[in-house]
Amino acid sequence: MSAASRIPVGLMEGLNQVKKRRPANLSALVNLDLLRNIVFFFFVLRWTRRAFWKVKGRGIIGSLVELYRNIGRILYGYFLRAPGVRGKVQKQVNDALAKTQAKLIAGNLTKYLTLPKEGLSEEAVRKELETLANLDHTKWEEGYVSGAVYHGEEALMKLQTESFGKFTVANPIHPDVFPGVRKMEAEIVSMVLSLFNAPPGAAGTTTAGGTESILVCCLAARQRAYAERGITEPEMILPDTAHVAFRKAGDYFKIKVHLVPCPAPSYQVDMKAVSRLINPNTILLVGSAPNFPHGIIDDISALSKLAVKRKIWLHVDCCLGSFLVPYLEKAGFETTPFDFRLKGVSSISCDTHKYGFAPKGNSTALYRSAELRSYQYYVSPDWSGGVYASPGIAGSRPGALIAGCWTSLLNVGENGYIDACVKIVGTAKKITDKIRETPSLESELEIIGRPLVSVVAFTSRNLDIYDIYDALTAKGWHLNALQDPPAIHVAVTMPIVKIWERLMADLEAVVEAEREKERARIAEGKGAKGKSVGDSAALYGVAGSLPNKSVVVDLATGFLDLLYKA
Ligand SMILES: *Cc1c(COP(=O)(O)O)cnc(C)c1O
């Protein structure tokens with residue numbers, strides 16, 4: 001098809017008339033044609049380049065599989081919305097949410113749906129707070145919860161609370177009003193930078209949590225790529241085990257996300273696949289040290305080499321590794337390169353509120369240079385409210401939390417963290433060994449990869465791992481259910497160090513009981529059909545098999561709504 005034949009007939013006629021009447025303007029028309037051809041050419045070029053990168057990144061078969069999956073997802077989406085199906089699906093979602101509501105929301109409490117006319121007395125408020133703190137809950141205090149509360153010792157909590165009290169109204173946005181908070185924040189950043197062997201000139205900020213640290217680092221990488229390379233359609237390459245906060249950053253900041261598999265046996269990101277996916281729009285590579293699902297540290301050395309060679313920003317997510325990974329060596333454990341000593345590492349996220357034992361609402365975003373950090377800043381010189389400058393996403397921030405963080409780092413100190421590393425990582429290793437060396441566990445459970453830090457994840461060879469998860473939940477444990485592959489993990493914390501043997505004993509009992517049930521079902525010739533299905537088994541059993549997860553999205557959205565049910 002020639003370019004001219006694409007023009008609507010009416011327009012062509014009009015143009016011809018113009019031509020007939022005013023032959024002198026012919027050259028203008030030729031130029032119009034030329035312009036059109038140029039636009040068309042760039043359009044074709046753009047799509048050809050995209051198609052080329054796609055096929056280069058995923059291969060022909062990979063691209064076709066992706067296409068097939070997308071079509072499946074779209075068709076299944078239509079199916080779910082079909083008359084008759086939609087109503088049934090909605091009813092099941094509502095039933096599941098009603099069950100969750102019954103578990104989540106305590107009855108028989110005084111409700112405060114509007115402001116009390118007269119404020120309650122101090123005594124009355126204290127009494128209410130006491131009731132709320134003592135509501136029936138999973139016992140993290142006794143070590144029944146994976147992750148969540150990383151230290152939880154009385155003495156440290158008391159000191160943290162004291163520090164809050166001294167800085168209740170403090171806000172670092174006013175450094176002249178609260179100079180102590182400014183000093184503490186700068187020192188937190190400096191202490192964490194030194195933990196990660198940052199070079200001279202390195203810089204950082206504190207943030208409200210790991211997600212925010214990841215968001216600001218992704219934003220900084222994007223802003224820099226725009227400023228220095230003019231990239232307007234940024235892309236990043238993630239291990240598919242990388243924290244979900246990177247996908248959030250992709251959505252919030254319009255950075256296209258490419259997920260890369262982390263295959264067995266190492267469960268580290270597939271470096272060949274990462275390399276293939278790089279194109280001129282790539283602004284960011286990511287590695288985890290370690291990742292949340294499996295506790296595996298990606299091959300950061302290889303990622304760093306690639307980042308240097310291709311001149312791309314590499315972010316290392318050490319949110320979970322926090323103060324454990326930097327002390328593995330001093331605690332006498334195997335380690336692997338992960339920090340600024342690797343030349344390609346541009347930024348690192350480290351959560352002081354995980355194994356830094358700071359109160360929740362604390363994390364750090366670290367950069368190789370102050371110049372890189374400047375790309376996460378937000379400055380507005382012409383606002384009617386005055387010249388405005390903030391280091392990150394938040395405006396006002398709680399000085400009390402910064403005080404709580406600084407207090408924790410000073411009180412625990414290097415030897416305290418090394419000691420914690422010995423205990424926590426030591427316990428994770430004991431759990432790994434126990435599962436591998438106990439015949440009844442070893443024959444059923446398989447540890448994912450070779451965890452070097454605090455998280456131990458395992459799948460089941462023959463049983464449904466979610467049945468095991470539900471049975472452990474019934475015994476009071478709050479572990480983490482994972483998907484793709486179906487698995488469970490435990491993130492060891494200080495409270496778990498004291499009770500891990502109990503966890504192993506319960507795990508053995510549960511595996512034995514599930515095996516017994518399975519045998520009975522087979523003997524009765526029922527197979528999987530005779531199963532009574534627990535909550536996680538129901539959720540992940542269904543979710544895993546769906547080509548389109550919109551039902552899961554509906555469920556999860558309904559769950560979020562429940563959180564705000566007063
Ligand atoms: C916990 C975690 C984060 C950040 O999570 P927040 O809940 O926002 O603090 C990021 N990456 C990994 C690997 C994590 O485990």
Side-chain angles (χ1 to χ4, degrees), residues 140 145-151 188 192 196 204-219 236 238-252 257 259 262 267-269 284-298 300 303 314-326 336 338-339 345 347-366 392-394 397-398 401-402 404-405 408 424-425 428 448-449 451-457 478-482 487-493 496 560 563:
W140 67 263
V145 179
S146 163
V149 180
Y150 290 80
H151 193 277
I188 292 166
V192 184
F196 285 83
T205 67
T206 71
T207 70
T211 297
E212 191 184 330
S213 296
I214 289 169
L215 288 177
V216 292
C217 288
C218 291
L219 179 66
M236 62 174 150
L238 300 182
D240 61 11
T241 50
H243 196 266
V244 68
F246 291 98
R247 303 180 190 205
K248 203 183 226 182
D251 267 3
Y252 282 8
V257 169
L259 295 177
C262 304
Y267 291 88
Q268 292 173 315
V269 68
L284 180 62
L285 305 181
V286 171
S288 312
N291 64 45
F292 171 83
H294 311 142
I296 299 298
I297 303 181
D298 287 312
I300 310 292
L303 282 165
L314 169 62
H315 179 85
V316 176
D317 179 18
C318 204
C319 280
L320 182 60
S322 45
F323 283 36
L324 291 179
V325 172
T336 172
F338 65 96
D339 63 16
V345 175
S347 60
I348 295 176
S349 46
C350 167
D351 280 2
T352 37
H353 73 192
K354 281 188 177 159
Y355 295 102
F357 304 140
K360 276 286 180 267
N362 276 295
S363 173
T364 52
L366 313 172
I393 291 174
R397 291 179 296 144
L401 283 182
I402 291 172
C405 180
S408 314
I424 290 168
V425 178
I448 292 187
L452 298 183
V453 201
S454 60
V455 168
V456 183
H478 179 120
L479 305 187
N480 296 83
L482 314 168
I488 306 179
H489 90 206
V490 51
V492 178
T493 60
I496 293 180
L560 291 179
L563 300 182

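Hydrogens, waters and symmetry mates play no part in the numbers below; they use all other heavy atoms, side chains included. Just so you know, ligand 1 is whichever comes first in the structure, and atom 1 is the first atom listed for that ligand.
Near ligand 1, G210, T211, I214, H243, P290, F292, D317, C319, L320, D351, H353, K354 each place a heavy atom less than 4.0 angstrom from the ligand.
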> Given V455 and V490, is the side-chain contact (heavy atoms from CB on, under 4.5 Å) satisfied, shown in steps?
Replying inline: CA-CA 6 Å; V455 168; V490 51; over 6 Å; no
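No side-chain heavy atom of Y252 sits less than 4.5 Å from a side-chain heavy atom of C218.
Although no hydrogens or angles enter the test, the distance criterion places a donor-acceptor pair under 3.5 Å between the side chain of S322 and the main chain of L320.
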N/O donor to acceptor pairs below 3.5 angstrom from side-chain atoms of residues 238-248, sequence neighbours left out:
unit_1 : atom_1 : unit_2 : atom_2 : d
T241   : OG1    : N291   : ND2    : 3.3
H243   : ND1    : A245   : N      : 3.0
R247   : NH2    : D240   : O      : 3.2

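Screening residues 353-366 for salt bridge (Lys or Arg N to Asp or Glu O under 4.0 Å) gives D351-K354 as the qualifying pairs, with residues at least two apart or on separate chains.
For A487, the side-chain contact (heavy atoms from CB on, under 4.5 Å) partners at least two apart in sequence or on another chain are I448, T459, L482.
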